[in-house]
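Before any comments, here is the structure.
Numbering starts at 1 and runs along the sequence shown. What's counted below: heavy atoms across the whole structure, side chains too, no hydrogens, waters or symmetry copies.
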Amino acid sequence: MREHLRPKTLPNRTSPWLTVDEEREDRQAAAEAHLAVLRTQLPDLMARFARIPDPRRPKSVRHRLTVVLLYGVILFCFEMASRREANRELSRPGLWEALGAAFPDLDSIPHGDTLERVLERIDPGEIEAALMARMRTLLRRQKLQALMVDKGYVVAFDGTQLWMRTTPFAPQALHAKHGDQVHDSAYVLKAMVVCPEGVTLPLGAEFCENAVIPTGQTISETLKQDCELKAFKRLCARLKEAFPRLRMMIVADGLYACGPVVKMCRRYGWDLMLVLKDGKLPQVWEEAKKLHRLDEQRSTVVHRCRGREQKFWWANGVDYEFQDGTRWCAITVNVVVCEERWTETKVDSEGQQTKDEKTARHAWLSGRSLNAQNVHRRCNLAGRHRWDIELAIREEKHGAHIVHAYSLDWRAIKGWYYLMLLASLINTLALYSTRLWRWVTEYGVRATIEFLWATYSGRWLDLDRLRVAARRPPQLRLTV
């Protein structure tokens, strides 16, 4: 199995086209490949959007709700940095002529403010439900089986702060005191399917939100604020309802290595690999080391991966007692530790090479017993790829520009974020499809999106050829 599918280096060369006709033909082929992937996703997505109740007055509607919401998805697909930029750039006729050739239902160009007013009034959960429905379809059609590790899908959880304001913008926002000022922030927990190839697909998200403060009370008089663990509990309940039979392996950072999380995952029938830090759960650490010393030879294995020498040791059946609310609970957990070393070669300013010995140590709470046959898969192919969700969040902030405040209305904030997740899903499927992979390996992910945007907006396309291509049966094939 490949460690990472995305190319790490790109060719450093001049333009591959010698004539304008060659460039036009290449752009035409890229647009047809892109629209072929969109045709596997957008029709069902638009049908799902059509089921959302439209809160607007019927006689004053100029753009159908499906078109307005799809406008928001396209906004994030082409990584518009703000509503103002989207209004300026997405209103160009070239893009909508090209999309209209493949999707005749896109018969109008809405305004970003229209989308904002709609998102302020509809239930954002309906948009997240559309995301989960898309993922259910992909899983049911077995499009993502190559992403499985140890007969399950690795689902990573992590939270991130979208942005912060020094002035109150919504009573549901989290409050943090910095000196004499109280800052309000939008904080979200997301779940993503990750895999060794580096592909990440959004599964759902839950905002940390406080209860609305009653009139006459101050912040200090309210109950304890919402937190990431509470949001995790709510999000897991929705995921279990949306994917009741999906085999998951939950991977998360050291915050989640606690008894209530392990207990909930076992109740849902989920596997887990949670980062276990040195200072976390000292009683578990102490007993794990004692159990390992009892049978050190059979619970230790040496492995080599990515040029690193790894030594794994583990302890199965470690007793763990914790307090869940007012009750004391006792469970057994499994602990695995990876100690690795490798050599890095550095070149100084004088061209002399020096070798530097590096070491690292990683530990996890495992949901299943460890042995010499499964320790590599669980640690290297699952647990270590928790970091992929960190990379995906960074891409959202710098690519999708989600750190920009598209709205200050709490309901609309959630709606904008769920539209971004839908766009992220569609972009990932398109960029990792066999049709577009040639351009991704040549330009890279970000530059391929820019290349497609320049193609649609630059009047390069033959619309008659797009209409002919749109009549072919759509099919989605991924490179993984």
Side-chain angles (χ1 to χ4, degrees), residues 15-50 61-80 85-112 114-115 419 422-423 425-440 442-443 445-477:
S15 172
W17 310 299
L18 298 179
T19 65
V20 175
D21 290 337
E22 287 184 5
E23 181 177 0
R24 179 175 287 107
E25 184 63 29
D26 193 43
R27 290 183 180 275
Q28 180 80 27
E32 291 179 5
H34 185 232
L35 290 175
V37 178
L38 295 186
R39 287 175 54 237
T40 65
Q41 303 300 314
L42 294 191
D44 290 343
L45 182 60
M46 294 176 69
R48 183 80 188 194
F49 283 161
V61 171
R62 292 182 55 191
H63 312 284
R64 288 174 298 163
L65 183 64
T66 55
V67 176
V68 174
L69 294 178
L70 195 60
Y71 172 88
V73 176
I74 295 172
L75 181 153
F76 287 111
C77 280
F78 290 108
E79 299 182 347
M80 298 290 109
E85 180 181 354
N87 289 332
R88 181 179 65 249
E89 300 296 334
L90 292 184
S91 58
R92 293 184 180 184
L95 171 66
W96 293 91
E97 282 186 358
L99 292 178
F103 308 99
D105 292 338
L106 298 179
D107 52 2
S108 60
I109 306 176
H111 194 277
T114 302
L115 174 59
L419 288 175
L422 273 168
L425 172 63
I426 293 173
N427 270 357
T428 302
L429 295 176
L431 295 172
Y432 284 94
S433 68
T434 56
R435 291 177 177 271
L436 272 177
W437 189 241
R438 174 171 69 86
W439 288 274
V440 175
E442 183 175 354
Y443 301 122
V445 171
R446 184 76 57 81
T448 300
I449 296 175
E450 295 174 357
F451 174 76
L452 289 170
W453 166 247
T455 300
Y456 287 125
S457 59
R459 309 290 292 176
W460 291 94
L461 301 176
D462 184 345
L463 299 183
D464 292 332
R465 286 181 56 180
L466 289 183
R467 294 186 183 95
V468 172
R471 290 196 287 268
R472 301 175 189 142
Q475 188 176 22
L476 178 63
R477 290 183 179 177

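Between W96 and I74 the shortest side-chain heavy-atom distance falls below 4.5 Å. Looking at I426 and L42, their side chains come closer than 4.5 Å, going by heavy atoms from C-beta outward. Counting heavy atoms from C-beta outward, S457 and L95 have side chains that stay 4.5 Å or more apart. Counting only heavy atoms from C-beta outward, the side chains of R27 and F451 approach each other to under 4.5 Å. When side chains are defined from C-beta on, L429 does not count as touching T40, because their heavy atoms never get closer than 4.5 Å. Side-chain contact check for W439 versus L452: every heavy-atom pair is 4.5 Å or farther apart. Counting heavy atoms from C-beta outward, Y456 and L461 have side chains that approach closer than 4.5 Å. Side-chain contact check for D105 versus V67: every heavy-atom pair is 4.5 Å or farther apart.
Closest heavy-atom contact between N87 and G112: OD1-N, 2.6 Å. Considering all non-hydrogen atoms of both residues, L69 and L419 come closest at O-CD2, 3.8 Å. Listed here is the closest heavy atom pair of P16 and E22: O-OE1, 4.2 Å. Shortest non-hydrogen contact noted between F49 and L70 is CE1-N, 4.1 Å. The heavy-atom pair separating A430 from H34 by the smallest distance is CB-CD2, 4.0 Å. Annotation for A101 and A470: closest pair O-CB, 4.0 Å, computed over non-hydrogen atoms.
Note: L45 CG to T66 OG1 = 9.5 Å, rounded to the nearest 0.5 Å. With values rounded to the nearest 0.5 angstrom, R435 atom CZ is found 9.5 Å from E32 atom CD. In this structure, CZ in R446 is found 11.0 Å from CG in L431, a value given to the nearest 0.5 Å. Expressed to the nearest 0.5 Å, how far OG1 of T448 lies from CD of E442 amounts to 8.5 Å. One finds the CZ atom of R465 at 4.0 Å from the CD atom of Q28 (value rounded to the nearest 0.5 Å). Taking CZ of R438 as the reference point, atom CG of D26 lies at 5.0 Å (rounded to 0.5 Å).
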Check the pair L422 / Q41 against side-chain contact (heavy atoms from CB on, under 4.5 Å), numbers first and verdict last.
CA-CA 10 Å; L422 273 168; Q41 303 300 314; over 6 Å; no
Audit row: L38, F103, side-chain contact (heavy atoms from CB on, under 4.5 Å) steps and yes/no
CA-CA 10 Å; L38 295 186; F103 308 99; 3.8 Å; yes
Apply side-chain contact (heavy atoms from CB on, under 4.5 Å) to the pair E97 and L466, showing each step before the final yes or no.
CA-CA 10 Å; E97 282 186 358; L466 289 183; over 6 Å; no
Could you please spell out the steps behind the side-chain contact (heavy atoms from CB on, under 4.5 Å) verdict for L35 and L99?
CA-CA 8 Å; L35 290 175; L99 292 178; 3.8 Å; yes
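Under 3.5 Å, the side chains of H63 and Y71 contain no donor-acceptor pair of N or O atoms.
Remark: the backbone N or O of R472 is paired with a side-chain donor or acceptor of R39 at under 3.5 angstrom.
Taking the six-membered ring for Trp and thresholds of 30 and 60 degrees, F78 and W453 have ring planes inclined between 30 and 60 degrees apart.
Within 6.0 Å of CZ in R92 there are more than 12 heavy atoms belonging to other residues, nucleotides or ligands. R477 CZ: 12 or fewer foreign heavy atoms inside a 6.0 Å radius.
A salt bridge links D107 to R64: at least one charged side-chain nitrogen sits closer than 4.0 Å to a carboxylate oxygen.
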